[in-house]
Every structure is written in structure tokens, then in C-alpha cells.
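Throughout, numbering of the chain's residues begins at 1 and tracks the sequence. Treat the numbers as computed from the prediction; the structure is a model and nothing was measured.
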Amino acid sequence: MPKPQSVDPEVSRAKFDREIGRFRPYADVYRAQGCFLIEATFPRAFFIFASLKLKPRVISAASEVDFTDYDLRPPSVVFVDPFTRHPIARKDLYLKMLRRPPLPGTPPEMIGALIQQNAVPLTDFIQANSPEDEPFLCMAGVREYHDNPAHSGDPWLLHRGSGEGCLAFILDKIIKYGIIPIEQLQIQLPPAIVGMVVSLRRYKNDWFERCNDRDSPARLHLDHAWASALSWSRRQ
């Protein structure tokens with residue numbers, strides 16, 4: 001259930017309208033990156049994210065950004081089902097937002113090789129207490145991050161006004177770390193037997209072998225067919 005608004009609603013509404021107003025002139029740019037604004041009604045904005053490199057296109061994630069009490073408190077980002085808009089569990093969100101630690105002075109090609117060798121630890125911006133729990137964005141500027149007791153030493157007011165927590169900041173992070181890196185789907189199908197592949201040649205050879213056996217049903221059937229054909233030709 002949404003928490004009640006404690007800041008003057010008109011103040012938060014004005015700042016919400018400002019954030020949405022800054023987004024709309026660049027809607028085409030965001031759309032080209034797979035980000036679509038579906039609905040914006042104070043205090044929530046509903047977005048879906050589609051992968052760019054997959055064909056057919058796939059909805060990779062959907063989220064609601066809640067500006068209740070903004071900007072005394074940072075926005076809340078909740079990953080939801082794109083059709084029902086209900087919050088989903090981590091196990092149902094296949095999106096990852098991986099980041100690596102800074103490696104100053106390291107050439108890009110070496111960084112790529114280190115990542116391939118699993119020599120660089122990657123962390124995920126998307127966290128959850130368990131696969132059954134709702135995922136959240138673990139980054140400064142997001143309400144779920146600052147409300148987490150593990151980040152009590154990093155309060156929102158230290159970031160307020162820095163640009164972290166604005167709508168553009170949140171969307172750019174999801175696009176950069178979550179959407180752009182997607183290159184292919186990983187599909188795992190349970191093995192199932194749907195039939196047996198047979199050799200038609202084997203059946204053909206078996207037919208002729210049985211036809212060579214004078215007492216076999218196949219030979220009797222063949223003899224009957226030849227007799228019928230011969231009788232018909234004589235009547236013509």
C-alpha cells in the first residue's frame with residue numbers, strides 16, 4: 001500500500017510535472033534506446049523497457065517510478081509486471097544491471113579479457129533479499145537504497161540536489177546497465193521425446209525381404225495384387 005504523502009502535495013506535484021516535462025522533449029531519444037513512457041499521473045510514472053538487439057523485440061522490464069514526498073525523499077523504483085503493473089519477485093525479473101569496479105589506467109581490451117576470464121568481480125544494481133522478494137535498485141538516489149538499513153550511513157539528503165534521483169538519472173542507469181548490454185535470450189527447454197527418427201530404407205529393404213518369403217503375408221498380398229492386375233488387363 002502506498003505511504004501517505006507528508007510533503008505538501010502541490011510541491012511534489014510541481015516537481016513531478018517538472019521531471020515529466022523534462023522527459024517529453026527527449027521521448028524519441030529514449031524510445032530509440034528502448035525506453036517508453038506509458039502513463040504519467042502524479043505521483044507515479046509507468047515505463048517499459050524493450051531490448052534493442054533482439055528480434056523479435058522483447059519487453060525486458062517495466063517499472064513504476066513513484067514521486068510521493070519528492071524531493072524530501074527520493075523517488076521509489078518498483079519493477080512490475082508490464083501487463084498488470086503489479087510488483088514482481090526477483091525470480092520473475094530476468095533483467096540484470098551489472099557493473100564492474102573502476103580500473104583506472106587499464107586498456108579497454110584488457111578489461112574485456114579480464115571480464116571474460118571472470119577475473120573482474122561484477123555486481124548487480126538490482127538486489128533482493130531472496131528470489132521470492134521484490135527486487136530493488138541498489139543505488140544512491142533511489143528510495144529503496146536509502147531506506148535500507150545497510151545504507152544508513154548514506155542518507156538521501158547528502159545526494160539531494162546533485163542530480164542523483166532525478167528521473168533522467170534513473171532511466172539512464174536502467175538503459176545503460178540493463179537494456180543496452182542485452183544481446184540474446186537464454187532459453188532452457190526440458191528434454192522431451194516427441195517421436196523417433198526411422199530409416200525409410202530399412203523399411204524398403206524389409207518389404208522386399210518379406211516379399212521373397214513365399215509364405216509371408218507381404219508375398220501373398222503382392223501375388224494377389226499382380227493377379228488382379230493381370231485379370232484386369234486381359235478383360236480390356
Side-chain angles (χ1 to χ4, degrees), residues 2 5 7-88 93-100 102 108 124-127 135-146 156-185:
Q5 175 89 22
V7 175
D8 183 348
E10 294 306 314
V11 173
S12 292
R13 183 187 300 274
K15 294 181 178 182
F16 172 84
D17 292 341
R18 179 189 64 193
E19 294 296 317
I20 299 300
R22 289 174 175 173
F23 171 89
R24 293 196 185 279
Y26 299 96
D28 290 343
V29 177
Y30 279 103
R31 186 179 302 114
Q33 299 178 82
C35 175
F36 300 80
L37 173 61
I38 304 302
E39 182 181 347
T41 303
F42 179 77
R44 286 176 287 275
F46 175 48
F47 294 88
I48 63 172
F49 301 88
S51 55
L52 304 175
K53 302 173 185 177
L54 299 182
K55 291 185 180 179
R57 306 300 191 193
V58 174
I59 297 177
S60 303
S63 66
E64 280 195 342
V65 185
D66 190 333
F67 287 86
T68 300
D69 281 340
Y70 186 71
D71 65 346
L72 178 62
R73 302 185 68 203
S76 167
V77 181
V78 178
F79 290 98
V80 299
D81 183 286
F83 299 100
T84 66
R85 295 177 64 169
H86 295 159
I88 60 176
L93 178 66
Y94 298 102
L95 187 71
K96 293 183 178 180
M97 294 176 57
L98 301 178
R99 57 175 173 173
R100 61 169 177 80
D124 197 341
F125 274 120
I126 301 176
Q127 296 290 318
F136 62 92
L137 276 183
C138 188
M139 66 172 64
V142 175
R143 184 177 306 175
E144 286 74 17
Y145 169 90
H146 293 287
W156 158 245
L157 294 180
L158 294 179
H159 301 267
R160 182 185 180 189
S162 67
E164 294 176 327
C166 70
L167 181 60
F169 171 84
I170 294 170
L171 297 179
D172 289 347
K173 293 296 185 184
I174 295 176
I175 293 169
K176 178 180 179 180
Y177 292 101
I179 303 304
I180 292 179
I182 298 175
E183 293 186 346
Q184 60 185 6
L185 291 175

Exercise: identify the closest heavy-atom pair between [X] and [Y]:
| X | Y | result |
| --- | --- | --- |
| Phe46 | Pro82 | CZ-O, 3.7 Å |
| Ser51 | Ile179 | CA-CG2, 4.2 Å |
| Leu52 | Gly34 | CD2-N, 3.5 Å |
| Pro74 | Trp156 | CD-CG, 3.4 Å |
| Ser63 | Val77 | CB-CG1, 4.3 Å |
| Gly178 | Leu95 | O-CD1, 3.2 Å |

If I take atom [atom1] from residue [X] and atom [atom2] from residue [Y], how far apart are they, to the nearest 0.5 angstrom?
| X | Y | atom1 | atom2 | answer |
| --- | --- | --- | --- | --- |
| Lys53 | Ile182 | NZ | CD1 | 9.5 Å |
| Phe49 | Ser60 | CZ | OG | 10.0 Å |
| Ile48 | Glu39 | CD1 | CD | 12.5 Å |
| Phe83 | Ile59 | CZ | CD1 | 5.0 Å |
| Asp66 | Glu144 | CG | CD | 9.0 Å |
| Leu157 | Leu72 | CG | CG | 7.0 Å |

Looking at residues at least two apart in the chain, or sitting in another chain, which of them share a ring-ring contact (aromatic ring centres under 6.0 Å, His included) with [X]?
| X | value |
| --- | --- |
| Tyr145 | His151 |
| Phe136 | none |
| Tyr70 | Phe67 |

Among residues at least two apart in sequence or on other chains, which ones pass side-chain contact (heavy atoms from CB on, under 4.5 Å) with Asp124? Arg90, Lys96, Met97, Leu98, Ile126, Gln127

Heavy atoms, side chains only, cut-off 4.5 Å: are Pro43 and Phe16 in contact? no

Name all pairs fulfilling the salt bridge (charged side-chain N to carboxylate O under 4.0 Å, His left out) condition that reach into residues 22-31, sequence neighbours left out, sorted by first residue then second. Glu19-Arg22, Asp28-Arg31

Within the side chain of His146, is there an N or O that forms a donor-acceptor pair under 3.5 Å with the backbone of Ala140? no

Sub-3.5 Å donor-acceptor pair from the side chain of Arg44 to the main-chain atoms of Thr41, do we have one? no

Pairs of donor and acceptor atoms involving the side chains of residues 159-176, under 3.5 Å and at least two apart or interchain, shall be tabulated with distances.
{"residue": "His159", "atom": "ND1", "partner": "Glu164", "partner atom": "OE1", "Å": "2.4"}
{"residue": "His159", "atom": "NE2", "partner": "Asp154", "partner atom": "OD1", "Å": "2.6"}
{"residue": "His159", "atom": "NE2", "partner": "Asp154", "partner atom": "OD2", "Å": "3.3"}
{"residue": "Arg160", "atom": "NE", "partner": "Asp71", "partner atom": "O", "Å": "3.3"}
{"residue": "Arg160", "atom": "NH2", "partner": "Asp71", "partner atom": "OD1", "Å": "3.1"}
{"residue": "Ser162", "atom": "OG", "partner": "His159", "partner atom": "O", "Å": "2.5"}
{"residue": "Ser162", "atom": "OG", "partner": "Glu164", "partner atom": "N", "Å": "3.4"}
{"residue": "Asp172", "atom": "OD1", "partner": "Tyr30", "partner atom": "OH", "Å": "3.4"}

Working note: Met139 + Arg99, criterion side-chain contact (heavy atoms from CB on, under 4.5 Å); need CA distance, chi angles, decisive distance, verdict. CA-CA 11 Å; Met139 66 172 64; Arg99 57 175 173 173; 5.9 Å; no

